[in-house]
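Structure first, then comments.
Not measured: the values here are computed from a predicted model. FYI, side chains are in, hydrogens and waters are out, and symmetry mates aren't considered; it's all heavy atoms of this structure.
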Amino acid sequence: MRKDGARLALPLFDPRHDPGPDFAALVSRDAARTVPTSGDGSLGAQVPHGTTIAALRFAGGVVIAGDRRATEGNFIANRTIEKVFPADRFSGVGIAGAAGPAVEMVRIFQVQLEHYEKVEGKALSLEGKANQLAQMIRQNLPLAMQGLVVMPLFAGWDAERSEGRIFTFDVAGGRYEEVAYYAIGSGGRDARATLKLGWRPGLDEAGAVHLAVQALYEAAQEDAATGGPDALRGIFPVVAVIDREGYRRIDDARLEEIAVELDQAVRERGARR
């Protein structure tokens, strides 16, 4: 009993509303402030939206990368937003769509994975993590139908298979695995075209990081909602490598070198015209 005399309520449920082992349903029921709630259907164009995310496999793992721009209609809402996050030590998630609900979903996803590990004493399998994320997207469907679409791209190291894997999702929570690469967001089509031309089996880590940055660079040339490397402001994409050693972010100095190479290649192509 607390000092004010009030009893601390226990999370008891009647049989009709028991969330069972579903952690997201439990949080939604008892801590509604931490999950997206229903809007009035008019916010879709007024909230910042994140855009292009790309991921590709290489011989020793997987690379996931995201640009740094968020937009509100025709306006740039934020030049430095981060859209790629570690989900746990061996997986990462990139987000496109309504930025606020997407970031909140990632935070809950991180807590859910940590909660599972503490309760079970072991980490969830990579496919299990993808299934959990699919379930959370499915729960966001009412908001998605009002314009607040959240679209993640999930990648990680599968310790059982000793390989990197990539999972994509549709707005209804359908889960799909990609064989080699994928990109989502408004610049996803252009990024996928670059990945398709550059990806090859046996690609090494350095080549995969270069190709991921190139995919975002080329997408930014065609899609106004995608931000390219901005050397003037010192803004570069968020690029992470996930392999048997875990999740690690590539430092900006290396990304700046790649951006300079890409700029030089464009200048040389222009000089030949």
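- Heavy atoms from other residues, nucleotides or ligands lying under 6.0 Å from CD of Glu114 number 12 at most.
- Nearest heavy-atom pair across Gly227 and Asp67 is N-OD2, 2.8 Å.
- Between Leu133 and Phe167 the shortest side-chain heavy-atom distance does not fall below 4.5 Å.
- In terms of heavy atoms, Ser91 sits closest to Leu113 at OG-CD1, 4.5 Å.
- Counting heavy atoms from C-beta outward, Val238 and Arg249 have side chains that approach closer than 4.5 Å.
- Atom CD of Glu160 has 12 or fewer neighbouring heavy atoms from other residues, nucleotides or ligands inside a 6.0 Å radius.
- Using a 4.5 Å cut-off on side-chain heavy atoms (C-beta onward), Arg107 and Val103 make contact.
- You'll find the side chain of Phe58 stays beyond 4.5 Å of the side chain of Tyr181, heavy atoms only.
- To the nearest 0.5 Å, the span separating CD1 on Ile242 from CG on Asp158 amounts to 12.0 Å.
- Residues Ser162 and Arg244 have side chains in contact (heavy-atom distance under 4.5 Å, counting atoms from C-beta outward).
- Note: the hydrophobic cluster containing Phe109 also contains Ile137 (ILVMFWY, side chain heavy atoms under 4.5 Å, direct or indirect links).
- Both Ile258 and Leu56 are assigned to one and the same hydrophobic cluster, defined by single-linkage of ILVMFWY side chains at heavy-atom distances under 4.5 Å.
- The two residues Pro237 and Leu216 come nearest to each other via the heavy atoms CB-CD1, 3.7 Å.
- To the nearest 0.5 Å, atom CD of residue Glu120 and atom NE2 of residue His115 are 8.5 Å apart.
- Side-chain contact check for Ile184 versus Phe169: every heavy-atom pair is 4.5 Å or farther apart.
- One N or O on the side chain of Arg69 and one on the backbone of Ala224 form a donor-acceptor pair closer than 3.5 Å.
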Please table the atom pairs, donor to acceptor, closer than 3.5 Å between any side-chain atom in residues 195-215 and protein atoms at least two apart or in another chain.
from: Trp199; atom 1: NE1; to: Arg57; atom 2: O; distance (Å): 2.8
from: Asp204; atom 1: OD1; to: Gly207; atom 2: N; distance (Å): 2.7
from: Glu205; atom 1: OE1; to: Arg248; atom 2: NH2; distance (Å): 2.6
from: Glu205; atom 1: OE2; to: Arg248; atom 2: NH2; distance (Å): 2.9
from: His210; atom 1: NE2; to: Glu261; atom 2: OE1; distance (Å): 3.2

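- A salt bridge links Arg165 with Glu127: at least one charged nitrogen is closer than 4.0 Å to a carboxylate oxygen.
- Panel note: side chain Thr52, backbone Gly187; a donor-acceptor pair is recorded below 3.5 Å.
- Using a cutoff of 4.0 Å between basic side-chain nitrogens and carboxylate oxygens, Glu82 and Arg68 are scored as salt-bridged.
- Side-chain atoms of Thr51 come within 3.5 Å of backbone atoms of Ala225 as a donor-acceptor pair (strictly under, hydrogens ignored).
- Here NZ of Lys118 is found 14.5 Å from OH of Tyr116. Values are rounded to the nearest 0.5 Å.
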Original post:
Does the pair Tyr247 and Arg89 meet the rule for a side chain to side chain contact (heavy atoms under 4.5 Å, CB included), with working shown?
Top reply: CA-CA 6 Å; Tyr247 179 105; Arg89 186 182 171 192; over 6 Å; no
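- Neither Ile235 nor Ile53 shares a network with the other; the hydrophobic side chains, linked directly or stepwise wherever heavy atoms of I, L, V, M, F, W or Y lie under 4.5 Å apart, form separate groups for each.
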**OP:** Applying side chain to side chain contact (heavy atoms under 4.5 Å, CB included), run through Asp263 and Val260 and close with a yes or a no.
**Re:** CA-CA 5 Å; Asp263 283 338; Val260 170; 5.5 Å; no
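- Using a cut-off of 4.0 Å between Lys/Arg side-chain N and Asp/Glu carboxylate O, Asp251 and Arg254 are scored as not salt-bridged.
- Checking each of Thr168, Asn131, Asp170 against Arg175 for a side-chain hydrogen bond (donor to acceptor under 3.5 Å, both in side chains) leaves exactly one that passes, namely Asn131.
- Ala180 and Ile166 make their closest contact through O-CD1, 3.7 Å (heavy atoms, listed as atom of the first residue, atom of the second, distance).
- Within the 4.5 Å cutoff, no side-chain heavy atoms of Ile108 are placed close to those of Val106.
- Here Met136 contributes atom CE and Leu141 contributes atom CG; the two are 14.5 Å apart, rounded to the nearest 0.5 Å.
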Subject >> Intermediate values then yes/no, side chain to side chain contact (heavy atoms under 4.5 Å, CB included), Val266 and Tyr217 >> reply: CA-CA 11 Å; Val266 170; Tyr217 185 95; 3.6 Å; yes
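- Across every non-hydrogen atom of Val150 and Pro101, the tightest pair is CG2-CB, 3.8 Å.
- A salt bridge links Glu163 with Arg161: the closest approach of a Lys/Arg side-chain nitrogen to an acidic carboxylate oxygen falls below 4.0 angstrom.
- Using a 4.5 Å cut-off between side-chain heavy atoms of Ile, Leu, Val, Met, Phe, Trp and Tyr, with links allowed through other members, Val149 and Ile95 fall into different hydrophobic clusters.
- When side chains are defined from C-beta on, Met151 counts as touching Val171, because their heavy atoms get closer than 4.5 Å.
- One finds the CG atom of Leu153 at 12.5 Å from the NZ atom of Lys83 (value rounded to the nearest 0.5 Å).
- A cation-pi arrangement is present between Arg192 and Tyr182 under the rule of less than 6.0 angstrom and at most 45 degrees off the ring axis.
- Using modelled atom types and a 3.5 Å distance limit, the side chains of Gln135 and Arg138 yield no donor-acceptor pair.
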Original post:
Could you walk me through whether Leu126 and Phe90 pass the side chain to side chain contact (heavy atoms under 4.5 Å, CB included) check?
Top reply: CA-CA 9 Å; Leu126 193 65; Phe90 291 100; over 6 Å; no
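- Residues Val241 and Ile64 do not share a hydrophobic cluster, defined by chaining ILVMFWY side chains whose heavy atoms lie under 4.5 Å apart.
- The CD atom of Glu222 lies 10.5 Å from the OG1 atom of Thr226; values are rounded to the nearest 0.5 Å.
- Summarising the geometry of Ala231 relative to Phe236, their closest heavy-atom pair is CA-CZ, 4.0 Å, with the distance given to 0.1 Å.
- The backbone N or O of Leu124 lies less than 3.5 Å from no partner atom in the side chain of Glu117, so there is not a single donor-acceptor pair.
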